[in-house]
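These numbers come from a predicted model, not from an experiment.
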Amino acid sequence: MAAEARFFPAGFLWGAGGSAHQVEGGNRRNDWWRFEQVPGVIQGGRGSGDACRHWVLFDQDFALAAADGHNAHRLSLEWSRLEPSPGQFDGGAVAHYHAVFSSLRRHGLTPIVTLHHFTNPLWIADSGGWEARGTVDRFEAFVRFCAREFGGEVDWWCTVNEPEVFAFRGWSEGIWPPAVRDNSRALTVIAHQLEAHGRAYRALHAEDHADADGDGVAARVGFAKHRVQLDPLRAWHPLDRLQAYFEDRVFNRAVEQSVVEGEIDLSIPGARGVRRTLSELKGALDWYGLNYYTRWMVRSLSPEPHVARPGAPRNDLGWELWPGGLEQAIMAASRLGKPVLVTENGVADASDRLRPAAIVAFVEAMHAAIGRGVDVRGYLHWSLLDNFEWADGYHGRFGLYAVDFDSTERPRTRRPSAEVFARIARANGVTADVHAAVDGARVPR
Ligand code: IFM
């Protein structure tokens, strides 16, 4: 039986994304670059280096996206390039990002712009990083600068990317800079990132009055939240259930609630919690940026507390591939009462074995959520290009386009999944033509 066509609302945003440090190359003035020089911290021993050379090749990359029918693109501004020392803005970097925005415009791609995507200028890292309250002030000043400078080219602003992942990887698991292992300090960092979001939200609305796309709205401000489903590995095991409950509470629900209610309430058993009321955080959200990849099965009392569901298909990083989870994540995100933008979703799959059918299944799951009444505004696949996957180095290949990191030129190769996604973007939906491109292959929902 032919599969039914599924179309999306007019004006739906279709695109892909990347972040500055993961794609640009040569970002030497941030804490990640310094961290990458420490032996053993990056899988495969290879740091970001020249990354994808996107700093140089951005115009070609946007041409690829536009030719594939994309109408939006997510990127981040590299704070360490724009403000290499406190209060000193680099004219060359400013001019570069203006060139990036004008290229996006020429290619018909609406920019979705992230202001903090994990990396920090060295001077921030060396003055207490995100454990220091002063960093919130510094970030707000940076955001004001960006709003004034780039507001005429940007309407969709994403303040912080995955505050919870940033904090837990860097301050609890200790596998990202600054490599701390202390849950109490991780909670302080999440709280500061949330406060920074609230302050950035107000600053962007105060400073950006220029309507870049002519739709009557000058600034739409959201954040990107990594929403992972947390389930007990052994449903009968009280400790697995308890741990899954607490992790879901701190990782998902507390972060979400804070931007609705303006109340930060973060706790982990055995750690110093954070409770704070912040008026600038209350209602500080125009849209919810949803990053969705997988679910974690929680195993208590284990050195490896998060595992994939036994028997489930997995990506190259071992993460369960569960497209149906995107529908559930969108439903959960919609509880905040704001439009949802899928800011990241993808599969680490170097061979492109799973990704083509997975894209179809993810998009169908998103369609199902819209059918249940959620206002979803767009979908940004992660990622346009294979890129530097943080501590996993060049191991996790998420790109619609493969990048050859062994060649100094960094040539791009179009994967079959780029074609599948192009058909979806051009049709604004999943049609018979899309199913033909995956040859009827399906991944379990
Ligand atoms: O590559 C990352 C991105 O920087 C943040 N969200 C998850 C992606 C895949 O791990």
In Å, rounded to the nearest 0.5 Å, how long is the span from [atom1] of [X] to [atom2] of [Y]?
| X | Y | atom1 | atom2 | value |
| --- | --- | --- | --- | --- |
| Asp386 | Phe398 | CG | CZ | 10.0 Å |
| Trp79 | Arg29 | CH2 | CZ | 14.5 Å |
| His192 | Glu131 | NE2 | CD | 9.0 Å |
| Leu278 | Leu194 | CG | CG | 8.5 Å |
| Asp155 | Thr110 | CG | OG1 | 8.5 Å |
| Trp157 | Ile112 | CH2 | CD1 | 11.5 Å |

Would you say [atom1] of [X] has more than 12 non-hydrogen atoms from neighbouring residues, nucleotides or ligands within 6.0 angstrom?
| X | atom1 | result |
| --- | --- | --- |
| Arg105 | CZ | no |
| Arg144 | CZ | yes |
| Lys282 | NZ | no |
| Arg272 | CZ | no |

Are the aromatic rings of Trp14 and Phe8 close, with centres under 6.0 Å apart? yes
Centroid-centroid under 6.0 Å between His226 and Tyr293 rings: yes
Could you tell me whether the side chain of [X] and the main chain of [Y] form a donor-acceptor pair under 3.5 Å?
| X | Y | value |
| --- | --- | --- |
| Asp31 | Ala125 | no |
| Glu36 | Ser48 | yes |
| Ser19 | Ser76 | no |

Would you indicate whether the side-chain heavy atoms of [Y] and [X] approach each other to under 4.5 Å?
| X | Y | value |
| --- | --- | --- |
| His306 | Val298 | yes |
| Leu285 | Phe223 | yes |
| Asp68 | Leu400 | no |
| Arg415 | Phe421 | no |

Do [X] and [Y] have side-chain atoms, one donor and one acceptor, less than 3.5 Å apart?
| X | Y | answer |
| --- | --- | --- |
| His107 | Asp59 | yes |
| Asn291 | Trp382 | no |
| Glu280 | Tyr201 | no |
| Glu256 | Tyr288 | yes |
| Asn120 | Arg138 | no |
| Asp61 | His73 | no |
| Ser80 | Glu78 | yes |
| Glu247 | Trp296 | no |

Do you know which of His197, His116, Gln193 makes side-chain hydrogen bond (donor to acceptor under 3.5 Å, both in side chains) with Thr159?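 That would be His197.
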Compare every heavy atom of [Y] with every heavy atom of [X], then report the nearest pair and how far apart it is.
| X | Y | answer |
| --- | --- | --- |
| Arg249 | Ser267 | NH2-OG, 2.7 Å |
| Arg28 | Leu122 | O-CD1, 4.2 Å |
| Leu266 | Leu187 | CD1-O, 3.6 Å |
| Arg414 | Ala422 | NH2-CB, 3.8 Å |
| Leu385 | Asn387 | O-ND2, 3.2 Å |
| Pro339 | Asp286 | CD-O, 3.3 Å |

After noting the C-alpha distance and the side-chain angles of His54 and Leu384, does the key distance pass the side chain to side chain contact (heavy atoms under 4.5 Å, CB included) rule? CA-CA 11 Å; His54 181 72; Leu384 180 65; 5.8 Å; no
Checking ring pair (Phe, Tyr, Trp, His ring centres under 6.0 Å) against Phe118, which of Trp32, Phe388, Trp176, Phe35 comes through? Trp176
One pair to check against ring pair (Phe, Tyr, Trp, His ring centres under 6.0 Å): Phe150 and His98. What are the steps and the verdict? CA-CA 7 Å; Phe150 302 114; His98 280 303; 4.8 Å; yes
Plane angle bin for Tyr292 and Trp322 - parallel if under 30°, tilted between 30 and 60°, otherwise perpendicular: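 The arrangement is perpendicular - the two ring planes meet at more than 60°.
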Should the pair Phe58 and Phe62 be assigned to parallel (<30°), tilted (30 to 60°) or perpendicular (>60°) ring geometry?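 Plane angle between 30° and 60°, so tilted.
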Could you go through the salt bridge (Lys or Arg N to Asp or Glu O under 4.0 Å) check for Asp50 and Arg53 one step at a time? CA-CA 6 Å; Asp50 283 343; Arg53 296 186 65 234; 5.3 Å; no
Stepwise, does the side chain to side chain contact (heavy atoms under 4.5 Å, CB included) test hold for Val113 with Phe101? CA-CA 10 Å; Val113 178; Phe101 291 130; 3.6 Å; yes
Does NZ or CZ of Arg81 come closer than 6.0 Å to the centre of the six-membered ring of Trp55, within 45° of the ring's axis?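 Yes; both conditions hold, so Arg81 lies above the ring face of Trp55.
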Between Tyr394 and Arg46, is there a cation-pi geometry (under 6.0 Å to ring centre, at most 45° from the normal)?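 The answer is yes; both the distance and angle limits are met.
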Asp349/Ser351 under side chain to side chain contact (heavy atoms under 4.5 Å, CB included): CA gap, chis, key distance, verdict: CA-CA 6 Å; Asp349 180 22; Ser351 65; 3.4 Å; yes
